Amino acid sequence: MKHLITYFEIAAFVASLLALPVLRRSKYLRLFPLLLFIIVTVEIQQTFFWRTGANNAAIYNLQVPLQHLLYLYILYLAMYRQSFKTIIGTLIIIFIVITVITGIFFTAPDRFNISAYCAGSVAIIAGILLKFYELLENPLDFNFLRNPFFYMLFAFLFFNVGTLPYFTMSNWLHFLEAPENTKLILVSVMSVFNYILYTTYSLAFLWMILKGESSLSAQR
């Protein structure tokens, strides 16, 4: 079940490439193909080419902070208010500091950097909530049916809130021999959140292709 996630990620990446003529009009949506490329290349390598039983902490300790930084940068570019951009910029700096310090001093080479993941996830959650606040300040000017980016944000918020407990416990699950039924439940739940996220991305990109616009992005 877990390996199916890779195919959902590939589908979202391919959809983003097909939507590139629309995405390129936006200074922040144009970064989604790059974000998905970073995710897909690692997941393809892990799914099809990684040796069973080998430790993959090092590659994820590089990939995950990179994708968190890119998503935070997307949120930074998507903000209209300068004050909100300043908040996101501050969150980016704090995230980088936490990632470097915890990676060097508090994370063993064979362990996933949980502190960095949690810091990035919390920063992204805060950034998405700020963007929602900004979008909903003038509800009469906001049309949900014309803004696929809203659903992409909501799906990623849902994903981060839902999977944060799983990734927080990832070292415990992998190295400390957690009960198999607990592992199965948490992995299954995490997989469902992934399916929802990447299905939403794929549909949003196809939506943009059909409409010929990215709505929010076309206005800024």
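Source: prediction; values computed, not measured.
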In short, Ile59 meets Gln46 closest at the heavy-atom pair CG2-NE2, 3.7 Å
Quiz item: CZ of Phe37: more than 12 outside heavy atoms within 6.0 angstrom?
Solution: no
Practice problem: Answer yes if the side chains of Ser115 and Thr102 hold a donor-acceptor pair under 3.5 Å, and no otherwise. | Solution: no
Angle class for the Phe132/Phe150 ring planes (parallel below 30°, perpendicular above 60°, tilted otherwise)? tilted
Practice task
May I ask you to check whether over 12 heavy atoms, not counting those of Phe48, lie within 6.0 Å of atom CZ?
Solution key: yes
Evaluate the ring planes of Tyr151 and Trp207, with Trp represented by its six-membered ring, and classify them as parallel (under 30°), tilted (30 to 60°) or perpendicular (over 60°). tilted
Quick one: does Ile209's side chain get under 4.5 Å of Leu206's, heavy atoms only? yes
Q.
Do Ile98 and Tyr60 sit in one hydrophobic cluster, given that two such residues count as connected whenever their side-chain heavy atoms are within less than 4.5 Å of each other, even indirectly?
A. no
Are Tyr73 and Tyr28, when compared by the centres of their aromatic rings, separated by less than 6.0 Å? no
Item to complete: Please work out which of the three classes, parallel, tilted or perpendicular, describes the rings of His68 and Tyr117, given edges at 30° and 60°.
Response: tilted
Plane angle bin for Tyr198 and Tyr201 - parallel if under 30°, tilted between 30 and 60°, otherwise perpendicular:
perpendicular
Partner of Thr6 under side-chain contact (heavy atoms from CB on, under 4.5 Å), picked from Ile44, Val42, Val40, Ile39, is Ile44
| message | A cation-pi test, strictly: NZ or CZ of Lys131 under 6.0 Å from the centre of the six-membered ring of Phe149 and no more than 45 degrees from its axis. Yes or no? | response | no
- Message: Ring centroids only, cut at 6.0 angstrom: are Tyr195 and Phe8 within range, meaning strictly under it?
- Response: yes
Problem - Min side-chain heavy-atom separation Ile87-Met79 under 4.5 Å - result: no
Tested for side-chain contact (heavy atoms from CB on, under 4.5 Å) against Thr90, the lone hit among Ile88, Ile93, Ile94 is Ile94
- Indicate yes or no: at least one non-hydrogen side-chain atom of Phe84 is less than 4.5 angstrom from one of Tyr76. no
Exercise. Would Leu203 and Leu153 show up in the same hydrophobic cluster when neighbours are defined by side-chain heavy atoms closer than 4.5 Å?
Worked result: no
Side chains of Ser121 and Ile125, heavy atoms from C-beta outward: is any pair under 4.5 Å? yes
